[in-house]
Trainee: 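One structure, pasted below without further comment.
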Amino acid sequence: MFFVIKRRHAYVAAAACVALVMGLISLGSHRGRAAHIATAGADNWGLSFQQEGQPPIANASAEELAKYDTCYVGNTANKTIYLTFDAGFENGHTPAILDALKKHNIQAAFFVVGHYLETAPDLVKRMVAEGHVVGNHTYHHPDMSAIRDEAAFRKELEDTEALYKEIVGVDMPKLYRPPQGKYSIENLKTAQKLGYKTLFWSLAYVDWYQNKQPTAQQAFDKLIPRVHNGAVVLLHSTSATNAQILDELLTKWEQAGYTFGRISELCGV
């Protein structure tokens with residue numbers, strides 16, 4: 001989830017826009033909005049955690065999202081976790097993340113943008129070789145909800161697909177995550193029309209500020225109590241803290257009785 005103005009350099013300035021969206025994770029109640037998606041204009045994906053160990057209340061229900069081949073949480077009857085990473089640029093932490101996933105035999109999803117494909121093709125190849133799903137996070141990471149022209153919307157996805165295929169040699173999985181969590185019904189419909197499944201998340205924390213990384217304990221304090229059955233976890237691969245703690249975090253979740261599901265099975269891609 002990195003806001004992009006001009007490819008590489010603008011990723012560094014992404015935190016402000018991300019904060020606007022991700023702040024909704026812990027602020028405000030969405031009880032009155034949980035049964036529907038706003039029918040006009042754009043919305044920001046938001047979550048409200050009401051009780052430890054329980055799925056949060058989202059600003060769109062799973063049932064409504066399913067109409068558009070969209071989901072944010074798995075089966076809440078099962079102690080299963082699904083791991084996802086947003087990858088806006090590479091700053092040296094992805095290898096350690098991949099090492100931890102390999103150690104625990106976990107398939108994750110990495111949502112990449114055009115800049116990542118351009119600058120870290122070998123890591124993309126490694127992701128695929130080790131069984132991870134590489135999803136579409138658009139080429140330039142714009143606010144897709146502001147794009148009214150279907151051709152422009154399509155180009156953001158198809159340019160990413162084309163570069164992925166050039167690098168990996170196979171078609172990109174039809175899995176999409178809206179940049180910054182910004183969406184509208186028309187966005188979801190257009191992605192669906194293009195054959196995409198859209199995936200939001202049900203657990204995340206503030207891990208994206210490069211110069212203000214949380215401590216390991218701060219990360220555990222957010223991620224351990226809030227994990228829940230069917231959790232779709234969003235982490236950022238640029239986070240030094242995530243690279244440092246991932247092995248221990250996965251171990252803690254396993255010790256709590258959770259298993260890790262395959263994104264391909266959750267989303268049918």
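Note that the numbering runs from 1 along the sequence shown for the chain.
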Trainee: Evaluate the criterion side chain to side chain contact (heavy atoms under 4.5 Å, CB included) for residue pair Leu223 and Val227; output intermediate values, then yes/no.
Mentor: CA-CA 6 Å; Leu223 295 170; Val227 75; over 6 Å; no

Trainee: Does any N or O in the side chain of Asn91 come within less than 3.5 Å of the main-chain N or O of Thr238, such that one atom is a donor and the other an acceptor?
Mentor: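 Answer holds: yes.
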
Trainee: How long is the gap from CG on Leu249 to CG on Leu235, to the nearest 0.5 Å?
Mentor: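 Leu249 atom CG to Leu235 atom CG measures 7.0 Å (nearest 0.5 Å).
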
Trainee: Compare all side-chain heavy atoms of Lys182 with those of Asn187 and state whether any distance is below 4.5 angstrom.
Mentor: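 Side chain of Lys182 against side chain of Asn187, heavy atoms only: no contact under 4.5 Å found.
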
Trainee: State plainly whether one hydrophobic cluster holds both Trp45 and Tyr196, where clusters connect Ile, Leu, Val, Met, Phe, Trp and Tyr through side-chain heavy atoms under 4.5 angstrom apart.
Mentor: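 The answer is no; the residues belong to distinct hydrophobic clusters.
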
Trainee: Grab the two heavy atoms, one from Ser184 and one from Ser145, that are nearest each other, plus how far apart they are.
Mentor: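 Closest approach of Ser184 to Ser145, heavy atoms only: N-CB, 4.3 Å.
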
Trainee: Please answer: with hydrophobic residues joined when any side-chain heavy atoms are less than 4.5 Å apart, are Phe260 and Val232 in the same cluster?
Mentor: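 Yes; Val232 is reachable from Phe260 via cluster members.
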
Trainee: Can you give me the closest heavy-atom contact between Leu175 and Ala109, atom names plus distance?
Mentor: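 Distance-wise, the nearest heavy atoms are CD2-CB, 4.4 Å.
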
Trainee: Hey, any chance Leu157 and Val133 share a hydrophobic cluster, counting ILVMFWY side chains that come within less than 4.5 Å of each other, even indirectly?
Mentor: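 Looking at the clustering, Val133 is in a separate group from Leu157.
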
Trainee: Using only atom types and a distance under 3.5 Å, with no angle test, would you say the side chain of Gln107 pairs donor to acceptor with the backbone of Gly131?
Mentor: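 Answer holds: yes.
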
Trainee: Compare every heavy atom of Tyr72 with every heavy atom of Ala62, then report the nearest pair and how far apart it is.
Mentor: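 Minimum heavy-atom separation between Ala62 and Tyr72: N-CE2, 4.0 Å.
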
Trainee: Can you list every ring pair (Phe, Tyr, Trp, His ring centres under 6.0 Å) pair that touches residues 95-114, not counting sequence neighbours?
Mentor: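 Matches after skipping sequence neighbours: Phe85-Phe110, Phe110-His132.
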
Trainee: Using a strict threshold of under 4.0 Å (side-chain N to carboxylate O), is an ion pair present between Lys197 and Asp69?
Mentor: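 Here Asp69 does not pair with Lys197 in a salt bridge, since their nearest N and O are not under 4.0 Å apart.
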
Trainee: Does the side chain of Asp99 come within less than 4.5 Å of Asp247's, by heavy atoms?
Mentor: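 A side-chain contact under 4.5 Å is absent here.
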
Trainee: With rounding to the nearest 0.5 Å, note down the distance linking NE2 in His140 to CG in Asp159.
Mentor: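 Output value for this atom pair is 7.0 Å.
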
Trainee: So, the side chain of Thr241 versus the backbone of Ala216: is there a donor-acceptor pair under 3.5 Å, distance only?
Mentor: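 It does not hold such a pair.
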
Trainee: If you take all heavy atoms of Asn59 and Asn44, which pair is closest and at what distance?
Mentor: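 Closest pair (atom of Asn59, atom of Asn44, distance): ND2-O, 2.6 Å.
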
Trainee: To the nearest 0.5 Å, how far apart are NZ in Lys102 and CG in Leu98?
Mentor: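 Those atoms lie 9.5 Å apart.
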
Trainee: Could you tell me whether the side chain of Gln218 and the main chain of Thr215 form a donor-acceptor pair under 3.5 Å?
Mentor: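 Yes; judged by distance alone, with no hydrogens or angles, the pair exists.
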
Trainee: Any heavy-atom pair between the side chains of Pro95 and Arg126 that's under 4.5 Å?
Mentor: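 Counting from C-beta outward, Arg126 and Pro95 do come under 4.5 Å.
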
Trainee: Which one of Thr138, Thr84, Thr198, Asn136 satisfies the side-chain hydrogen bond (donor to acceptor under 3.5 Å, both in side chains) criterion with Arg177?
Mentor: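 When side-chain hydrogen bond (donor to acceptor under 3.5 Å, both in side chains) is applied between Arg177 and each of Thr138, Thr84, Thr198, Asn136, only Thr84 qualifies.
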
Trainee: For residues Met144 and Met172: do they belong to one hydrophobic cluster (side chain heavy atoms under 4.5 Å, members Ile, Leu, Val, Met, Phe, Trp, Tyr)?
Mentor: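 In one cluster: no.
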
Trainee: Which heavy-atom pair separates His228 from Leu203 by the least distance, and what is that distance?
Mentor: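 Smallest interatomic distance, heavy atoms only, reads CE1-CB, 4.3 Å.
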
Trainee: Roughly how far apart are Leu266 CG and Tyr82 OH, rounded to 0.5 Å?
Mentor: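 It is 5.0 Å, given to the nearest 0.5 Å.
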
Trainee: Are a donor atom and an acceptor atom from the side chains of Tyr176 and Gln192 found within less than 3.5 Å of each other?
Mentor: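 No, because no side-chain N or O of Tyr176 sits under 3.5 Å from a partner of the opposite role on Gln192.
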
Trainee: Would you call Val168 and Val124 a side-chain contact if the rule is heavy atoms closer than 4.5 Å?
Mentor: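 Yes, at least one pair of side-chain atoms sits under 4.5 Å.
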
Trainee: Considering residues at least two apart in sequence or located in another chain, which fulfil the salt bridge (Lys or Arg N to Asp or Glu O under 4.0 Å) criterion with Glu156?
Mentor: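 In terms of salt bridge (Lys or Arg N to Asp or Glu O under 4.0 Å), with neighbours along the sequence ignored, Glu156 is linked to no residue.
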
Trainee: Quick check for you: to the nearest 0.5 Å, what is the distance between Ser239 atom OG and Asp86 atom CG?
Mentor: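 Going from OG on Ser239 over to CG on Asp86, the span is 12.5 Å.
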
Trainee: Are there more than 12 heavy atoms of other residues, nucleotides or ligands under 6.0 Å from atom CG of Asp149?
Mentor: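 It does: Asp149 CG has more than 12 such atoms within range.
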
Trainee: Backbone N or O of His236 within a donor-acceptor pair of the Trp208 side chain at under 3.5 Å?
Mentor: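 Side chain of Trp208 to backbone of His236, a donor-acceptor pair under 3.5 Å: no, none is there.
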
Trainee: Would Trp201 and Leu47 count as a side chain to side chain contact (heavy atoms under 4.5 Å, CB included) if you check the C-alpha gap in whole Å, the side-chain angles of each, and the deciding distance to 0.1 Å?
Mentor: CA-CA 9 Å; Trp201 60 89; Leu47 303 169; 3.9 Å; yes

Trainee: Answer yes or no: is there a side-chain heavy-atom contact under 4.5 Å between His137 and Val112?
Mentor: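 Sidechains of Val112 and His137: no contact.
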
Trainee: Are side-chain heavy atoms of Tyr164 and Pro173 found at a separation under 4.5 Å?
Mentor: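 Counting from C-beta outward, Tyr164 and Pro173 do come under 4.5 Å.
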
Trainee: In terms of hydrophobic clustering (I, L, V, M, F, W, Y; side-chain heavy atoms under 4.5 Å; direct or indirect links), are Ile147 and Tyr139 co-clustered?
Mentor: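 In one cluster: no.
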
Trainee: Checking Glu90 side chain against His93 main chain: does a donor-acceptor pair fall under 3.5 Å?
Mentor: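 Flag set: sc Glu90 to bb His93 pair under 3.5 Å.
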
Trainee: What I'd like to find out is whether the side chain of Leu188 reaches to under 4.5 Å of the side chain of Leu65, using heavy atoms alone.
Mentor: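 Touching, per the 4.5 Å side-chain cut-off.
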
Trainee: Please list all pairs passing the salt bridge (charged side-chain N to carboxylate O under 4.0 Å, His left out) test where one or both residues lie in residues 251-267, with sequence neighbours left out.
Mentor: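 Checked against salt bridge (charged side-chain N to carboxylate O under 4.0 Å, His left out) - neighbours excluded - the pairs reaching residues 251-267 are Glu248-Lys252.
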
Trainee: Taking atom types as modelled, find out whether Tyr205 and Asn242 have a side-chain donor-acceptor pair closer than 3.5 angstrom.
Mentor: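 A pair is found: one side chain offers a donor N or O, the other an acceptor, under 3.5 Å apart.
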
Trainee: To the closest 0.5 Å, what do you measure between NZ (Lys193) and CD (Glu150)?
Mentor: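 The NZ atom of Lys193 sits 3.5 Å away from the CD atom of Glu150.
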
Trainee: Grab the two heavy atoms, one from Asn229 and one from Lys79, that are nearest each other, plus how far apart they are.
Mentor: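 Distance-wise, the nearest heavy atoms are OD1-CG, 3.4 Å.
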
